[in-house]
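Chain A is the first sequence line, chain B the second, and so forth, proteins listed ahead of strands; every chain is numbered from 1.
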Amino acid sequence: MSFFDNKYIQQRIEKADALKAEGINPYANDSARNTTIDKFLNVNSDLAHAETKRDESRHYCVAGRIKFFRVMGKASFLKIEDESAMLQVYVTRDNLPEGFYNNVFKKQIEVGDIIEVEGFPFVTNQGELSLHVDGFKLLTKAIAPLPEKFHGLTDKEMRYRQRYLDLIMNSEVRKTFKIRSQIISLTRRFFEDKGFLEVETPMMHPIAGGANAKPFVTHHNALGVDRYLRIAPELYLKRLIVGGFEAVFEINRNFRNEGMDATHNPEFTSIEFYWAYKTYKDLIALTKEYFEYLFDHLKLPALLPYGEMEVDFSKFTEIPLIESLSAIGGVPEIIVHDKEKMLVYLRENGFEVSDSLNVGQLQGEMFDAFVEEKLINPTFITMYPVEISPLARRNDANPALTDRFELFIAGREIANAFSELNDPIDQLGRFEGQLEAKAGGDEEAHEMDEDFVRALSYGMAPTAGQGIGIDRLVMLLTNEHSIRDVLLFPAMKPLKHEMNPSDEDEEE
RNA sequence: GUCUCGUUAGCUCAGCUGGUAGAGCACGUCACUUUUAAUGAUGUGGCCGUUGGUUCGAAUCCAACACGGGACACCA
């Protein structure tokens, strides 16, 4: 059964055919629109206070999709919507060509169609600024009916799979994606203004590196080799620092072949930036400035709700990870350096932990268990144990710790940053350790990237680098709780009738 | 990956302890020249997610599967 077999669609196809028979193109080629709806509403808002409530000397042509259709005999009220706003238009039989109102307008036009109307502004008895129509043209016939006008489209599956329909029916969804676009645009401008250079590094990698994650594999036919969709741009961006660029950033997609849930999509957007001659402390200052910049330009209040929480963005604090365990997590101070005591404490509190974990890993577990969810206001957690920070530089004063921070907001990690490891021999050793882990069955362990080590061996200036998950940032700033609500086309499982392209023999 | 809830008309949803399917919106027809989810009258519209089982009989009970939501685990 095809989509078009539906009786409602058949009915609308018949209307389109009837229009063609009457010499009206249901898919017009051009539009004479000369203003948008929000401009129309702004420019004519004075009529609300005018004596006559109308001004026939003004004339506009607007266009949009019909969302409401109210026929009252020889007059009708429609609501049409364009990207900017919704407008009520008043259509009467006597203001249109002979026969058009009864034979075309009432019979062939319906909710969902895209039309163009011209006329003059007036205010109705109910006080709504509207357009008094004296010219009507169908631009596009919709042969599929829209969802119900009051409840709209609420089925999440359909909203994600048919996002166009979601955008038609739910104007607040459009708002969310406008904010997303603004955030990316502002981010780009912020870093450019700071002197960073935007670069594009490969998305098809011979070696998947820069993060612990399973990659997607694709195949290059001409070369006869497999390629990995990148899991992080990190190693390429650092090569650029070696090459002499001193501040670079890249905003784009990463791909990770892992599960999907409310905070994970197989492809996600991040910004990574690297800054030579700086340390993670400079990045803390930069990050605060970045948030101020975003809040300022997005005109967001410093007190922002997120679900049940209220986040105060005027209060950024900073605390070393181990200190946070007792100060915030309430863990007795005497146990946070003792492996056995931490094991007992975690198990007493219902967490399953393996005996094989070392002190640094256990401190990480303790943080996840007792601290993370309590970090509502923006908090920089600093000085991570070296065991859980394979790419970060050791702290000069305490080599068990690293010059690293993660930023937590509303109980979630938003950014990860550190002073970069730039000792090539140390880096080589860490890659070798990863190879052992991989041989031992860790599918997410890093692969050896000899060229990256070679690059470092030419000398990389002391550099600080940071990554921010853009999707999660957008979630935070738009009070959305599923990553699918900030991605226009989130990944979905294939439907039964959708064939896997690899099962077909089609070639272009 | 595990647990849990859901899937009924184009859309939003009812449908009890099993007895051949209901409403509102939309759509068709009629009335109506200032309505606001317009209103009134009337009509059309269903492989009850898929497959199997129990039963004289299944939208309803059971099982498996598919897709989706939520939670947990891993990650960003």
Q: Using a cut-off of 6.0 Å, state whether more than 12 heavy atoms not belonging to A:Met309 lie near its atom CE.
A: yes

**Q.** side chain to side chain donor-acceptor pair (under 3.5 Å) partners of residues 371-380 of chain A, not counting sequence neighbours, each pair once
**A.** none

**Q.** Heavy-atom donor-acceptor pair, A:Gln126 side-chain to B:rU34 base, under 3.5 Å
**A.** no

Q. Can you give one letter per nucleotide of nucleotides 2-11 of chain B, 5' to 3': B if a protein heavy atom sits under 4.0 Å from the base, S if only from the sugar-phosphate, - if neither?
A. --------BB

Q.
With rounding to the closest Å, how many angstrom separate the C1' atoms on B:rA41 and B:rG70?
A. 45 Å

Q | Partners passing ring-ring contact (aromatic ring centres under 6.0 Å, His included) against A:Phe40 (at least two apart in sequence or in another chain) | A | A:Tyr60

Q | Touch class at under 4.0 angstrom, heavy-atom based, for A:Asn265 against every strand present | A | base

(Q) Students often get this wrong, so: under 4.0 angstrom with heavy atoms, is A:Phe122 touching a base, only sugar-phosphate, or nothing? (A) base

Q. Which nucleotide, B:rG68, B:rA38, B:rU36, lies nearest any side-chain atom of A:Lys149?
A. B:rA38

Q.
Taking only the P atom of each, what is the distance from B:rA64 to B:rG1 in whole angstrom?
A. 16 Å

(Q) Please list, in numerical order, the residues of residues 71-90 of chain A that have a heavy atom closer than 4.0 Å to any atom of RNA chain B. (A) A:Val71, A:Met72, A:Gly73, A:Lys74, A:Ala75, A:Phe77, A:Lys79, A:Gln88, A:Tyr90

Q. Looking only at atom C1', what distance separates B:rA37 and B:rG43, rounded to whole Å?
A. 22 Å

Q. Roughly how many Å is it from CG in A:Asn102 to C1' in B:rC30, rounded to a whole number?
A. 13 Å

Q. Where does RNA chain B pair, written as one dot-bracket string 5' to 3', with Watson-Crick or G-U pairs under 3.5 Å, ( ) inside the strand, [ ] for crossing pairs and | for another strand?
A. (((((((..((((.....[..)))).(((((.......))))).....(((((..]....))))))))))))....

Q: Determine the contact category for A:Lys15: base if any of its heavy atoms lies under 4.0 Å from a base atom, sugar-phosphate if only primed atoms, P, OP1 or OP2 are that close, otherwise nothing.
A: sugar-phosphate

Q) CE of A:Met492 versus P of B:rA66: gap in Å, rounded? A) 16 Å

**Q.** ring-ring contact (aromatic ring centres under 6.0 Å, His included) pairs, two or more places apart, involving residues 139-166 of chain A
**A.** none

(Q) I'd like to know if A:Glu81 and A:Arg174 make a salt bridge, using a cut-off of under 4.0 Å between side-chain N and carboxylate O. (A) yes

Q. Given the C1' atoms of B:rA26 and B:rG46, what is the spacing between them in whole Å?
A. 16 Å

**Q.** Interatomic distance where CZ belongs to A:Arg161 and C1' belongs to B:rC67 [whole Å]
**A.** 6 Å

Q | Short side-chain N/O contact to B:rC32 OP1/OP2 from A:Arg70, under 4.0 Å | A | no

(Q) Between B:rA58 and B:rA38, how many Å separate the two C1' atoms, rounded to a whole number? (A) 42 Å

Q. Do any side-chain nitrogens or oxygens of A:Lys493 fall under 4.0 Å of OP1 or OP2 in B:rC67?
A. yes

Q) Strictly by modelled atom types, are A:Gln466 and A:Thr287 linked by a side-chain donor-acceptor pair under 3.5 Å? A) yes

Q: Between B:rA23 and B:rU34, how far apart are the P atoms? Round to whole Å, please.
A: 32 Å

**Q.** Residue pair A:Thr201 / A:Arg230, side-chain donor-acceptor N/O under 3.5 Å
**A.** yes

Q) Going by an N to O cut-off under 4.0 Å, is there a salt bridge joining A:Arg54 and A:Glu56? A) yes

**Q.** side chain to side chain donor-acceptor pair (under 3.5 Å) partners of A:Arg404, counting only residues at least two apart
**A.** A:Ser389, A:Glu406, A:Asn416

Q | Same-atom distance (P) from B:rG10 to B:rU20, integer angstrom | A | 23 Å

Q) Can the ring centroids of A:Phe291 and A:Phe316 be said to lie less than 6.0 angstrom from one another? A) yes

(Q) How many whole angstroms separate atom CD of A:Gln361 from atom C1' of B:rC74? (A) 15 Å

Atom pairs under 3.5 Å, N or O on each side, protein against nucleotides 71-73 of chain B: can you list them with distances?
residue: B:rA73; atom: N6; partner: A:Asp261; partner atom: OD2; Å: 2.7

(Q) Holding to ring-ring contact (aromatic ring centres under 6.0 Å, His included), I want the full list of residues that pass it with A:Phe408, two or more places apart in sequence or in another chain. (A) A:Phe367

Q) Reckon A:Arg12 touches a base, only the sugar-phosphate, or nothing at all at heavy-atom distances under 4.0 Å? A) nothing

Q.
Between C1' on B:rA37 and CE on A:Met169, what's the gap in Å once rounded to a whole number?
A. 11 Å

Q: Just jot down the ring-ring contact (aromatic ring centres under 6.0 Å, His included) partners of A:Phe351, sequence neighbours excluded, or say none.
A: A:Phe370

Q) Mapping A:Asp471 and A:Lys107 to their closest nucleotides on RNA chain B, which lands nearer the 5' end? A) A:Lys107

Q. Got a sec, which pairs hit ring-ring contact (aromatic ring centres under 6.0 Å, His included) with one end in residues 102-130 of chain A, sequence neighbours left out?
A. A:Phe69-A:Phe105, A:Tyr90-A:Phe122, A:Tyr101-A:Phe105, A:Phe105-A:Phe136, A:Phe120-A:His132, A:Phe122-A:His132

Q | Partner set under ring-ring contact (aromatic ring centres under 6.0 Å, His included) for A:His481, not counting sequence neighbours | A | A:Tyr306

Q | Validation row, ring centre A:Phe196 to ring centre A:Phe191 under 6.0 Å | A | yes

Q. With a 4.0 Å cut-off on heavy atoms, is A:Glu110 in touch with a base, just the backbone sugar-phosphate, or nothing at all?
A. sugar-phosphate

Q | Length of the line joining A:Asn170:CG and B:rU12:P, which is rounded to integer Å | A | 11 Å

Q.
Please tell me whether A:Tyr290 and A:Thr187 have a donor and an acceptor in their side chains that are separated by less than 3.5 angstrom.
A. yes

Q: Give the rounded distance in Å between these two atoms: CZ of A:Phe150 and C1' of B:rA23.
A: 16 Å

Q: Assign A:Arg484 to base, sugar-phosphate, or nothing according to its heavy-atom contacts below 4.0 angstrom with the strands shown.
A: sugar-phosphate

Q: Give the rounded distance in Å between these two atoms: CZ of A:Phe68 and P of B:rC25.
A: 14 Å

Q) Mind checking the C1' distance from B:rC74 to B:rC5? Whole angstroms is fine. A) 23 Å

